[in-house]
Amino acid sequence: MEDLETETRCPEDLEDDNDSSDDNSTKRRKKSNLLLVKPMFVEKPMETGFQQTTRICLEQIREALLHHRWQEAAEYMAYYPQILENTSHSKAQQNKEVIWRISTEILHHHPNSKIEDYNNIYERMKHSGVKHYLMICLEHSFHLMLSGHIEDAKRQLSLAEGWRHGKESAAQYQRTKLIHAYRGLLDYIIWCDKKVTHCNTDLSDPRDSQELQNYFRQASVNLKEILKSPGVWDSFILSYVEMLEFYEDHEEALQILNDYAYDNTFPPNPNAHVFLYQYLKQHGTSDRKLMKVLKNLHVIVPSHEMMLDYSSFLLQSEKKSDLQKALGVVLEMLDFACWRSNLDAWKRLKAIIQKLQLQEDWKDVVSLKMAARKDWWPALHFTSFHASKDSEENPELMEVKASLTKILCPVTKIDRRHNIGNTYCPTIICTYLPNA
Amino acid sequence: MDDEHTAWYKEPCALCSAVDWGVSDEGRFYCRSCHTVIERTKEVVDSTFTPGSNRVSTIGRGPRNKRTEGGRQWMICEGFQFILRNQADALLRLGVGPSFKDEALCELWRLYLQKSRQAYTHNPVRTSRFKVRGPDSDSESAAESSVMSASETDGETNPPSTIGSTAESSSEWSQCSGSVDAVSYLSPRLRRSRGLMSMKKTLALIHLALTWSREPLTLSDLLRLVNEGHVPYVNAYEELPDEMKLEGKDALLFRVESVPSHQLVHKEAQSLVLLLQLPAFPPISRQTLLHPALLSLRYLTDANLPDELHPWVCRVMERAGMADQTLHTFDRLSHPVLPLYDVQAAALIIVTMKLIFGLDDHAEWDLSNQTGDLDDSGNLFNLRRWYRLLRAALTRAQQRRDHDVARKQWIAENPLSSSKRDKRVVVKRKRIAEQVQICFQKLSRGPAGGERGDPSSFRFCWGDEDGADGPSLHHKKLSGVLTLQHNVLTPSNSTYWHPALRACNPRTCRSHYSDVEATLPRTFVWLLQLFCFLLDVKPAFLYEEVLKVERRVINSTAARSPETKTGTRTRTRAQRRTPQRGQETG
């Protein structure tokens with residue numbers, strides 16, 4: 001939520017500028033050739049007293065905000081709202097937005113701010129204009145949600161849902177969709193609370209509770225709706241699936257998980273596959289199906305932690321091609337620095353190699369897979385620096401790696417003169433890089 | 001022949017009880033037997049009337065409504081009259097003598113009304129659509145006399161009955177504005193004549209009245225009082241009586257978004273003085289507080305400069321020929337330019353300091369080093385110490401001023417809106433702004449609106465009290481910078497610099513300050529900024545005035561150069577300054 005706010009924040013607050021607020025300096029005539037950012041608070045030549053006042057006031061507020069002097073910012077903010085009464089229409093929308101955002105920022109940090117202040121400001125700014133009514137409603141309900149007032153948050157969204165303003169409400173249909181979605185999420189949260197209290201107090205089967213079912217129905221309408229639009233809806237889909245699981249509607253759950261993972265109009269989302277995989281695993285699906293899901297995940301994120309599971313599936317399978325695939329999968333995992341010190345990954349690799357060695361052509365297979373890697377893998381994994389580190393931190397890892405070194409990187413040159421101290425393999429010297 | 005008009009009217013005549021009515025030439029009914037004329041007029045059917053073409057499409061209850069709400073019809077100049085009166089009362093409360101309001105301002109206002117043909121005249125400046133109607137003029141003249149001040153309108157026995165007039169299609173006007181003639185006031189024809197009143201002109205008029213009464217309140221003082229809110233200007237219309245309802249186009253005349261600058265008001269005053277064709281002002285002699293001799297003393301005190309500098313300022317003034325009172329008194333024939341008392345006094349001080357201290361970024365610091373070496377007791381005036389003190393005080397004062405500017409509230413409690421449609425929006429916005437304001441006031445626990453400190457003629461306070469800007473240097477001696485040459489006290493500094501001169505067209509060129517500023521010595525520029533802060537004028541303006549004073553000083557000495565016997569000082573100066581154009585250093 002914070003990211004959403006900072007992204008959509010007025011660009012004024014993020015721009016770096018050079019204040020030329022010196023009243024006595026004359027207007028600079030020469031244009032600079034340097035790439036300077038347009039200064040923000042420049043005195044316009046024909047500025048009225050009112051414009052000067054509001055400009056200086058905004059400068060002071062900005063300074064106070066940037067230096068975290070919240071009390072001072074609040075004091076100046078008590079004088080700034082007169083800009084809303086400015087009769088010119090050109091910047092009316094911008095002024096309202098500035099006031100809204102600065103007010104909420106100050107309230108976030110001021111020690112004495114209360115929820116009533118938030119409510120007051122949000123209500124006022126909501127009704128000040130039509131263009132940002134929905135946006136402010138959303139933010140208001142986010143705030144209430146985060147402070148734990150779930151019912152109030154839901155009420156705000158219900159009010160926002162019923163808002164119509166001709167073309168404006170039609171133009172902001174995307175925000176309306178978000179509002180419906182969050183309303184669904186709030187219904188789910190309430191459903192969870194009610195489920196817990198029901199289980200604690202009532203002995204009857206919660207599945208029979210009418211109230212719970214009502215909430216479930218309300219939530220599912222909205223959640224299902226939002227899952228039709230392309231986007232990243234991780235929290236929403238999880239909540240929906242949880243509710244569906246509770247009411248044992250497995251078909252529906254599977255359907256939406258599949259759609260979420262495989263719909264091409266949606267942005268590529270590794271989590272979708274993870275959710276689907278976890279759901280299928282929980283409900284006892286065949287290995288082949290699970291492998292299929294993980295294969296798609298492998299394409300998107302080769303370094304995903306699920307790749308360990310994938311490689312174990314491939315290892316256990318009977319097909320020869322699967323074994324080669326397994327080798328590929330693990331090698332691709334180890335291409336990434338995050339797996340460098342992971343014992344499980346290396347052990348898996350060792351197991352695969354061991355199983356592979358039962359075949360006759362294993363050397364060809366290995367060298368084929370390592371062909372693209374032999375230039376840079378030694379530097380990535382097998383330097384003396386890694387050796388010393390591993391010997392200190394994880395001796396077991398060192399053993400595993402040592403056993404694999406000559407298999408993966410077969411030596412073409414032997415030069416005993418390059419045998420420097422703690423090499424990885426005591427007998428063979430590869431083209432090591434010196435200690436980093 | 002006129003039976004068709006009167007046949008239906010069967011009322012008996014009040015005098016002779018006959019029922020025999022005719023229609024006279026003026027269209028009124030008269031009794032044929034006794035020839036008494038009654039009020040009834042014949043109904044005229046205007047065949048040229050086409051419904052919908054005239055703006056009056058409804059039999060309006062418009063004007064009647066106004067009456068029943070307690071409002072009355074009023075003219076724009078009445079509104080300005082009220083505002084002027086309030087401004088004058090505020091000045092009286094601040095200590096200005098009452099003759100300013102009664103003798104100067106009222107007379108000027110009446111003269112203005114006459115000259116701009118808004119009142120006291122036989123042909124008022126109005127469109128021909130206005131006609132005089134009987135019943136209203138009584139209320140108008142009654143109101144008129146009520147707003148006049150105590151002094152009678154002797155000689156003006158003809159009350160401005162032309163003011164009490166109503167428009168024929170008055171509902172048309174009432175939709176556009178609360179006053180009767182706002183629309184015509186704003187018409188291009190009248191605006192072009194430039195005689196009409198505006199908020200800026202109220203300040204110009206007051207300035208003229210103050211100058212006439214020789215009050216020591218300069219234009220910069222007046223503007224500072226306006227800025228700080230001691231004299232009503234922004235939202236002055238709020239203090240108009242309730243019966244005068246302001247709506248619509250009135251907003252364009254009475255609403256202000258800036259306090260005008262020094263130069264602007266001076267220009268207005270200048271044009272006003274020419275419009276009014278005033279006779280010569282009362283003379284400003286050396287004893288008057290507006291004269292540079294005494295005004296400069298005030299600025300010296302404010303700038304924490306030693307009192308001993310004052311005789312030098314007077315000397316420079318005499319040398320520049322500015323001691324003469326004719327220079328400072330406005331006279332339509334001999335001296336038709338309204339003098340700028342405050343700016344000239346400041347310029348004089350700057351030129352004096354240039355003479356004594358050099359102010360070329362070297363001489364003054366050498367002098368203060370010398371003074372520092374000489375000084376054992378700490379009684380000598382040291383420019384460096386003064387500069388440090390003033391710079392800190394100036395920075396603080398500028399920050400305080402920015403602080404006050406940021407807090408100034410421009411919007412009235414009941415804001416004016418230009419049209420009825422906007423009124424709803426205005427009220428709504430006001431509510432929102434108020435709510436946000438209240439929320440943050442509660443949070444910051446502070447009152448809204450800038451706190452108005454007590455008004456003072458001085459910007460700084462020097463002394464040892466709490467809240468003073470610094471220790472006072474007024475009593476310091478100038479012995480460190482003066483030497484005795486031929487038994488005459490002379491400034492030790494013998495250099496004087498002047499920026500390069502060039503021939504410019506005085507009409508088109510305003511100021512070269514912005515081009516030249518980068519080449520001027522920094523001390524000088526800072527000194528300009530100090531006085532600009534004291535007077536609240538632009539540095540370029542003050543700079544031009546400094547150049548003018550220098551020109552006077554140079555020209556007068558050059559004229560005197562043939563007299564070689566008069567004082568060595570004159571000669572040396574004249575020799576140095578003859579002819580070259582360009583920078584000169586001694």
Side-chain angles (χ1 to χ4, degrees), chain A residues 21-29 46-61 70-89 92 95-96 99-100 103 106-107 110-114 116-118 120-121 123-129, chain B residues 227 234 251 255-261 398-399 401-412 415-418 422 425-450 511 513-515 517-518 525-526 528-529 532-533 538-540:
Chain A
S21 49
D22 182 15
D23 283 345
N24 292 326
S25 72
T26 52
K27 200 161 166 296
R28 307 266 180 260
R29 302 260 171 88
M46 297 305 287
E47 197 181 49
T48 67
F50 176 71
Q51 287 169 341
Q52 186 194 28
T53 293
T54 47
R55 174 178 60 87
I56 293 183
C57 199
L58 189 60
E59 267 178 44
Q60 300 288 341
I61 293 177
W70 306 111
Q71 181 65 22
E72 192 182 321
E75 279 166 16
Y76 275 110
M77 201 56 195
Y79 299 109
Y80 190 59
Q82 59 174 335
I83 198 171
L84 287 175
E85 306 186 60
N86 188 16
T87 46
S88 80
H89 299 287
N95 290 336
K96 288 176 205 160
I99 294 222
W100 156 37
S103 308
I106 295 178
L107 286 176
H110 197 277
N112 294 345
S113 60
K114 310 227 178 355
E116 290 92 32
D117 298 322
Y118 278 101
N120 203 4
I121 295 280
E123 286 297 329
R124 287 291 148 194
M125 295 318 294
K126 234 188 265 187
H127 296 288
S128 69
Chain B
N227 262 314
V234 180
R255 193 173 53 196
V256 284
E257 290 216 330
S258 322
V259 176
S261 69
Q398 278 170 339
Q399 277 173 355
R401 187 192 53 186
D402 280 348
H403 195 66
D404 290 337
V405 166
R407 294 176 168 217
K408 196 174 161 102
Q409 297 293 296
W410 291 85
I411 312 285
L416 284 182
S417 49
S418 316
D422 281 345
V425 177
V426 160
V427 167
K428 182 179 170 193
R429 282 191 197 151
K430 178 113 201 126
R431 226 177 333 125
I432 294 174
E434 263 175 6
Q435 286 295 316
V436 178
Q437 229 171 11
I438 290 174
C439 174
F440 281 101
Q441 271 171 39
K442 196 168 53 84
L443 219 51
S444 62
R445 267 163 293 151
S511 169
Y513 180 69
S514 44
D515 306 330
E517 191 247 351
V525 170
W526 181 85
L528 274 182
Q529 286 172 356
C532 288
F533 176 77
K538 295 263 179 319

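Computed over heavy atoms, backbone and side chain alike; hydrogens, waters and symmetry mates excluded. Labels below follow one simple rule: chain letters A, B, ... track the order of the sequence lines, proteins then strands, and each chain is numbered from 1. Everything quoted here is computed from the prediction, not taken from an experiment.
Side-chain contact between Lys408(B) and Ile56(A) is absent, with no heavy-atom pair separated by less than 4.5 Å. Using a 4.5 Å heavy-atom cutoff, the side chains of Asp402(B) and Glu59(A) are not in contact. Within the 4.5 Å cutoff, no side-chain heavy atoms of Val436(B) are placed close to those of Trp100(A). Residues Trp410(B) and Thr48(A) fail the side-chain proximity criterion, which asks for heavy atoms closer than 4.5 Å. Residues Val426(B) and Glu85(A) form no side-chain contact, since every pair of their non-hydrogen atoms from C-beta on lies 4.5 Å or further apart.
For the options Ala73(A), Ser103(A), Ser128(A), heavy-atom pairs under 4.5 Å to chain B are most numerous at Ser103(A). For the options Asn227(B), Ile411(B), Val256(B), Val425(B), heavy-atom pairs under 4.5 Å to chain A are most numerous at Ile411(B).
Looking at Asn112(A), both its backbone and its side chain come within 4.5 Å of chain B, counting heavy atoms on both sides. Neither the backbone nor the side chain of Ile61(A) comes within contact range of chain B, judged by heavy atoms closer than 4.5 Å. Contacts between Lys428(B) and chain A at a heavy-atom distance below 4.5 Å involve the side chain alone, from C-beta outward. Neither the backbone nor the side chain of Ile83(A) comes within contact range of chain B, judged by heavy atoms closer than 4.5 Å. Heavy atoms closer than 4.5 Å to chain B are found in the side chain of Tyr76(A), but not in its backbone. Using a 4.5 Å cut-off between heavy atoms, Leu84(A) contacts chain B through both its backbone and its side chain.
Rounding to the nearest 0.5 Å gives a distance of 8.5 Å between NZ of Lys430(B) and CD of Gln82(A). Residue Gln71(A) holds its CD atom at 7.0 Å from CG of Leu443(B), rounded to the nearest 0.5 Å. Distance check, rounded to the nearest 0.5 Å: CD1 of Ile438(B) to CG of Asp117(A) gives 12.0 Å. One finds the SG atom of Cys439(B) at 4.0 Å from the CD1 atom of Ile121(A) (value rounded to the nearest 0.5 Å).
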side-chain contact (heavy atoms from CB on, under 4.5 Å) between Glu257(B) and Asn86(A): does it pass, once the steps are laid out?
CA-CA 10 Å; Glu257(B) 290 216 330; Asn86(A) 188 16; 4.2 Å; yes
Start with the C-alpha gap between Val405(B) and Gln52(A), add the side-chain angles, then the distance that decides, and say whether side-chain contact (heavy atoms from CB on, under 4.5 Å) holds.
CA-CA 8 Å; Val405(B) 166; Gln52(A) 186 194 28; 4.2 Å; yes
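Between Pro81(A) and the choices Gln437(B), Glu434(B), Arg429(B), Gln435(B), the side chain to side chain contact (heavy atoms under 4.5 Å, CB included) rule is met once, by Gln437(B).
The minimum heavy-atom distance between Gln409(B) and Tyr79(A), with the atom names listed, is NE2-O, 3.2 Å. Shortest non-hydrogen contact noted between Gly49(A) and Ser258(B) is N-OG, 2.9 Å.
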